[in-house]
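Just so we're on the same page: letters track the sequence lines, and every chain starts at 1.
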There are 2 protein chains.
Amino acid sequence: MSTTLPTRPQNTADVSDAVAPVVPRRSALRPLGLSEVRITGGFWGERQSVNARHTLAHVLGRLESEGWLPNFDRAAAGTLPEGRRGREFADSEIYKYLEAVAWEIGRGDDLELEATFRAVVRRVAAAQEPDGYLNTQFGRPGQQPRWSDLEWGHELYCLGHLFQAAVARERTRPGADDGLLGIARRSADLVCEVFGPAGIAAFCGHPEVETALAELGRVTGEPRYTRQAELFVARRGHETLADIEWGRTYFQDDVPVREATALSGHAVRANYLAAGAVDVAVDTEDEALLQALRGQWARTRARRTYITGGQGSHHQDEAFGVDWELPPDRAYSETCAAIASVMFSWRLLLNDGGAAYGDSIERALFNVVATSPAADGKSFFYANPLHQRVPGVEADPDGTSPRASSSLRAPWFEVSCCPPNVARTLASLDAYIATADADGIQLHQYAPAEIRTALDDGRHVSLDVDTAYPADGRVQIRVNDEVEGEWTLSLRVPHWAEGTRLSVENADGTIALSEAVAPGTARVRRAFRSGDLVHLDLPMAPRVVTPDPRIDAVRGCVAVERGPEVLALESVDLVGIDDVGEVRLLGDAPLEERDGRVWARVAPLVSPPQDWPYAPATEPATVAAVPVPLVTYHDWGNRGPSTMRVWIPTV
Amino acid sequence: MSTTLPTRPQNTADVSDAVAPVVPRRSALRPLGLSEVRITGGFWGERQSVNARHTLAHVLGRLESEGWLPNFDRAAAGTLPEGRRGREFADSEIYKYLEAVAWEIGRGDDLELEATFRAVVRRVAAAQEPDGYLNTQFGRPGQQPRWSDLEWGHELYCLGHLFQAAVARERTRPGADDGLLGIARRSADLVCEVFGPAGIAAFCGHPEVETALAELGRVTGEPRYTRQAELFVARRGHETLADIEWGRTYFQDDVPVREATALSGHAVRANYLAAGAVDVAVDTEDEALLQALRGQWARTRARRTYITGGQGSHHQDEAFGVDWELPPDRAYSETCAAIASVMFSWRLLLNDGGAAYGDSIERALFNVVATSPAADGKSFFYANPLHQRVPGVEADPDGTSPRASSSLRAPWFEVSCCPPNVARTLASLDAYIATADADGIQLHQYAPAEIRTALDDGRHVSLDVDTAYPADGRVQIRVNDEVEGEWTLSLRVPHWAEGTRLSVENADGTIALSEAVAPGTARVRRAFRSGDLVHLDLPMAPRVVTPDPRIDAVRGCVAVERGPEVLALESVDLVGIDDVGEVRLLGDAPLEERDGRVWARVAPLVSPPQDWPYAPATEPATVAAVPVPLVTYHDWGNRGPSTMRVWIPTV
């Protein structure tokens with residue numbers, strides 16, 4: 001059978017046609033999707049290329065060899081439950097893989113990938129029950145009945161990822177004849193029947209189907225899906241699910257979404273739920289719900305987020321701590337939680353605008369999402385601690401690793417949500433770069449990119465973004481086309497970028513504008529001419545950052561940042577000292593940039609040998625400082641077993 | 001049926017007759033048991049009284065109402081597994097209760113308690129299988145087979161507690177006709193057969209049977225039991241048990257006991273195992289094993305123990321962290337781990353002597369064991385964090401609480417190991433006060449007490465200890481009898497007690513000696529006369545203590561201690577500030593004692609409101625300090641929901 005690619009969508013100013021993961025029915029900013037924005041290289045372009053060339057095949061290989069994809073074949077053959085492999089949510093990894101592949105096909109024209117995609121979809125299709133039910137773990141003789149374990153069963157969670165895969169496919173290749181959208185719709189119809197107003201008055205322990213149903217509603221125009229998402233959000237928080245060991249906070253069933261003041265419980269669940277709740281609030285024009293979610297976002301960012309943008313302070317329940325509880329060594333900071341936080345932030349960004357959302361997305365992308373995969377795209381961090389106390393152990397390249405104990409990247413996990421989640425995020429990252437509105441174009445993230453779109457009034461805009469960011473702070477935007485009248489180019493100036501300069505160079509080389517701009521949003525409104533260049537110069541000198549004094553776990557420490565990147569001290573860079581736990585930063589010593597790295601001056605931490613570690617204070621001995629290079633956090637753990645810390649003691 | 005009390009044991013200098021939980025075959029110091037030492041009041045006497053009057057009945061009531069004791073009736077009636085209640089280790093709580101009651105009967109002559117004890121033993125006896133097997137969770141049709149889940153099944157763990165109960169009974173009422181020792185021996189014989197040299201080459205995931213078998217061997221003179229304990233210790237650490245999510249470190253199966261350098265994994269398991277390993281090493285004269293255990297004890301104390309003496313840094317696996325990983329807020333510091341650490345320390349103390357072991361026992365007793373029960377003896381802390389960030393919620397007085405989320409004391413837990421463990425510890429506490437050797441008597445803990453014993457050479461010694469310690473630092477020891485020749489009274493001078501004075505007052509009121517003594521052991525060797533008074537004056541001024549700089553989690557903080565007690569700041573003592581997270585201690589402000597409390601000077605922690613908590617440093621505003629009284633840590637949480645911290649920021 002020869003494979004042909006279905007038709008690409010056309011660019012229009014109609015929001016509903018955007019080739020993007022999130023396309024609200026109404027929004028302040030219109031998402032620009034994969035048909036309008038293309039990352040052409042640089043930091044993210046390289047990672048997208050590795051993702052396409054290596055990660056997708058790696059993930060598929062594991063889905064096969066672990067037996068998670070063959071579970072569908074067994075379901076189709078009627079031989080389940082015998083031989084079923086993987087945890088109760090294993091189906092979802094196939095769907096996340098399909099979503100990633102759908103975006104990747106949307107970014108290019110890869111016939112081989114198209115054939116693989118269709119083959120996997122066929123295996124999924126064969127496993128679907130006549131009534132639309134689709135799950136390899138439940139409902140057959142010898143298995144638990146359908147919907148009998150909403151706390152832990154993940155049936156709706158899995159379907160949510162199925163729906164997202166179908167949405168990605170329909171947006172990237174509308175009307176494709178692979179059948180995935182039909183599979184998703186049949187399952188979604190069943191969900192609406194079983195869990196509708198007259199059905200089971202409950203919801204899934206792991207939120208995810210809410211945002212997926214909302215998006216499926218958007219892509220199909222089916223209002224039942226939106227209403228079902230609304231119902232799932234509204235039902236939550238009334239103590240419907242069982243009271244598990246960690247309490248109902250774990251799955252956000254302790255407080256209704258519209259009454260919560262911060263995200264709490266399991267960090268991935270909390271962010272997925274919040275993302276779905278924004279979708280519902282936007283599509284149902286529920287301003288009160290939106291306002292509650294904005295408040296949760298702000299408080300979570302101010303009090304429950306690591307400097308890396310990572311979230312989740314507890315290993316035990318993979319959960320947020322309370323305000324200010326942010327231990328660096330026990331940081332869970334799951335890769336999936338950062339991805340979910342990007343989903344939440346992006347939805348508020350579309351609705352509200354505002355640079356803070358873009359700031360948060362940038363921080364999570366550079367310091368968690370980029371940290372997870374190794375350079376070869378074949379091993380991953382699941383947890384992303386900010387302090388590694390003992391050197392890690394190399395993971396078995398053919399084995400699976402416990403999810404959170406990998407202090408070196410591992411190829412696969414017993415719970416392997418993160419690798420395909422990274423894959424679908426990188427494959428759709430082009431859609432998070434820019435937006436449009438009636439007045440112009442907004443750039444939210446800086447990467448070399450081509451932007452080809454139309455403003456709401458139909459005027460065509462073509463921009464080329466050129467930058468080595470974050471290695472360098474200069475971002476150049478070239479305007480290719482001349483359109484009639486003025487429009488506004490808006491640029492996010494990150495919150496740390498005090499001293500940024502904005503300049504506009506006319507096509508003839510004359511300088512039209514050159515001014516200092518404050519963090520927030522910088523706007524250039526003019527009748528752009530073809531060849532106009534807009535320059536944003538972000539200050540990239542390394543910065544010493546102190547934590548809010550209420551964050552007990554890093555009192556007396558500082559961190560170093562450069563641009564959007566958090567730096568760290570890694571033991572492999574130390575000379576004469578084995579461990580990052582044995583040094584402190586000399587507080588008034590300046591940082592230095594040399595040989596492409598940032599250097600700090602550290603001194604050995606001297607403490608008298610003692611058999612009991614709590615004693616009256618003694619004067620520390622005077623010691624000489626030595627220069628040591630810092631490592632970009634997302635690059636740590638790539639030079640063999642090591643210890644590492646982001647927060648470096650000064651006292 | 002009328003109940004009569006079995007005969008009490010007689011005091012002799014024969015070590016094997018000591019009425020104590022630990023009676024090694026050989027030891028440097030001879031334990032003085034309940035027939036030789038009697039706490040007569042004071043801090044511990046009050047707690048023993050509450051334990052006897054309230055806790056024992058409270059525990060029994062819950063064992064009945066939760067169905068854990070009725071499990072035995074169902075076993076006897078042959079109706080199991082239907083209706084079995086509680087977790088897989090529920091049997092052990094009945095045995096710990098029996099052990100507590102046995103000690104309590106040993107301390108007094110309570111006929112009602114004797115009748116209760118016998119009634120419970122009869123119900124346990126009825127559940128024992130003909131071959132000696134005894135467990136309500138395994139082995140019946142519809143249950144998992146015996147010994148089929150050594151990782152989690154707790155069968156040997158439960159039997160260990162049965163053996164300890166039988167040992168307590170036999171030591172306090174030798175030859176009693178209740179049958180408990182016989183039950184224990186039949187089970188122990190089965191264990192030796194099933195797990196002996198030719199049997200299953202494995203061991204229990206939760207150590208406990210090792211120390212219990214050793215002690216059962218000591219009390220019965222049966223060498224098989226000791227050999228079986230030796231075998232269990234030797235088998236451990238060779239990766240025999242399954243590799244669970246937290247690794248084999250969790251149950252100490254990663255490194256052989258004689259090769260480990262510090263305690264690691266689950267903190268209760270690690271300490272129980274270490275205690276059993278000391279028993280084995282002592283009875284088999286295995287000096288190399290003992291030396292390894294001494295090293296583990298010292299390193300664990302120096303690097304893995306909280307200032308309270310608590311152990312266990314992780315909630316997730318109830319485990320030790322790595323060196324210096326001691327977060328105050330996520331401190332698990334399980335009550336049972338402190339009890340287990342006392343067991344480990346006490347065994348080394350008996351074998352080696354040395355004040356450091358007594359120091360550790362004192363710290364754990366005053367700051368963890370005394371912290372767990374409420375004043376009424378009917379609710380308990382399971383975890384003992386050093387920082388409570390959010391006020392707790394009152395536990396349902398009729399319900400059970402999740403074990404570690406109780407930030408207020410709770411009457412019972414789903415896993416309720418701590419309440420009966422506290423009960424058996426308090427009921428046998430008299431046995432941890434003093435020891436004897438050929439040269440004299442050693443006092444390790446200070447409490448009002450009567451000591452009536454004989455030296456190894458048969459000379460009788462009678463001492464009365466009088467003290468209000470720790471409220472007051474003066475300890476008076478009155479010598480009641482005059483014996484021929486000199487002997488030595490040794491007194492532990494705690495490591496924090498710089499400036500202690502020792503004096504001896506002759507019966508006629510003249511001062512024989514008055515001198516400063518250093519921390520460690522102070523000795524008075526003389527021919528004591530009846531009426532001689534020895535005074536130890538321990539300095540009780542409050543002390544500011546700093547942590548080793550390698551303990552990252554409390555950098556920039558200090559703690560306050562007074563005598564053996566750790567103090568804390570509790571929100572209910574703050575005026576005008578809601579939360580202990582909002583203050584810092586003014587570093588150079590002296591502490592003050594007033595109205596029976598220690599007062600510190602704190603200032604509000606001022607940080608500018610910000611939407612992102614990591615920023616370049618700003619100069620803190622100058623604020624006025626206010627005096628605030630500190631609370632003794634073991635008394636916190638008794639005045640309603642509050643926040644609390646032991647480590648108080650100074651920067």
| request: Heavy atoms only: give me the nearest B:Glu362-B:Pro564 pair and the separation to one decimal. | output: CD-CB, 3.5 Å

| query | A:Arg363, A:Glu561, A:His387: which one forms the most heavy-atom pairs within less than 4.5 Å of chain B? | reply | A:Arg363

| Angle class for the B:Trp612/A:His495 ring planes (parallel below 30°, perpendicular above 60°, tilted otherwise)? | perpendicular

| Can you say whether A:Arg645 sits under 4.5 Å from chain B via the side chain, the backbone, both, or neither, judging by heavy atoms? | side chain

| query | Does any heavy atom of chain A fall under 4.5 Å from the side chain of B:Arg543, the backbone, both, or neither of them? | reply | neither

| request: Flag the one option from A:Ser313, A:Ala615, A:Gly247 with the top tally of heavy-atom pairs under 4.5 Å to chain B. | output: A:Ala615

| query | side-chain contact (heavy atoms from CB on, under 4.5 Å) between B:Arg294 and B:Tyr357: does it pass, once the steps are laid out? | reply | CA-CA 10 Å; B:Arg294 284 186 196 106; B:Tyr357 299 119; 3.9 Å; yes

| query | Using the benzene-type ring in the case of Trp, are the ring centres of B:Trp647 and A:Tyr614 under 6.0 Å apart? | reply | yes

| A:Glu414 and A:Thr400: which non-hydrogen atoms are nearest, and at how many Å? | CG-OG1, 3.6 Å

| remark: Closest heavy-atom pair, B:Gln311 versus B:Ser341, reported as atoms and distance to 0.1 Å, is OE1-CB, 3.7 Å

| request: Please report the closest heavy-atom contact between B:Asp552 and A:Pro649, naming both atoms and the distance. | output: OD1-CG, 4.4 Å

| Steps toward side-chain contact (heavy atoms from CB on, under 4.5 Å) verdict (A:Tyr382, A:Glu334) | CA-CA 6 Å; A:Tyr382 187 112; A:Glu334 183 183 336; 3.5 Å; yes

| said: Minimum heavy-atom separation for B:Val560 and B:Pro542, please, with both atom names. | reply: CG1-CB, 4.2 Å

| remark: Cut-off 4.5 Å, heavy atoms of chain A, and the answer for B:Arg330 is side chain

| chain B contacts, top residue of A:Pro549, A:Pro547, A:Gly581, A:Cys557 (heavy-atom pairs, under 4.5 Å) | A:Pro549

| field | chain A-proximal positions within residues 295-308 of chain B [heavy-atom distance under 4.5 Å] | value | B:Arg301, B:Ala302, B:Thr305, B:Tyr306, B:Ile307

| task | Of all the heavy-atom pairs spanning A:Gly358 and A:Leu349, show the shortest one and how long it is. | result | N-CD1, 3.7 Å

| request: State, yes or no, whether a side-chain contact exists between B:Val583 and B:Leu605 at a heavy-atom distance under 4.5 Å. | output: no

| Between B:His314, B:Arg584, B:Glu582, which has the largest tally of heavy atom pairs under 4.5 Å with chain A? | B:His314

| remark: Turns out that what part of B:Ala553 lies under 4.5 Å from chain A's heavy atoms comes down to backbone

| task | Mark yes or no for whether B:Asp317, through its side chain, and B:Trp246, through its backbone, hold a donor-acceptor pair below 3.5 Å. | result | no

| Mind checking whether B:Glu245 and B:Tyr250 have side chains closer than 4.5 Å, heavy atoms only? | no

| request: Under 4.5 Å, heavy atom to heavy atom: which of residues 322-329 of chain B reach chain A? Give them by number, or say none. | output: B:Val322, B:Asp323, B:Trp324, B:Glu325, B:Leu326, B:Asp329

| message | What I'd like to find out is whether the side chain of A:Val580 reaches to under 4.5 Å of the side chain of A:Ser571, using heavy atoms alone. | response | yes

| message | If we define contacts as heavy-atom pairs under 4.5 Å, which of B:Pro613, B:Gly321, B:Gly556, B:Ala559 has the most with chain A? | response | B:Pro613

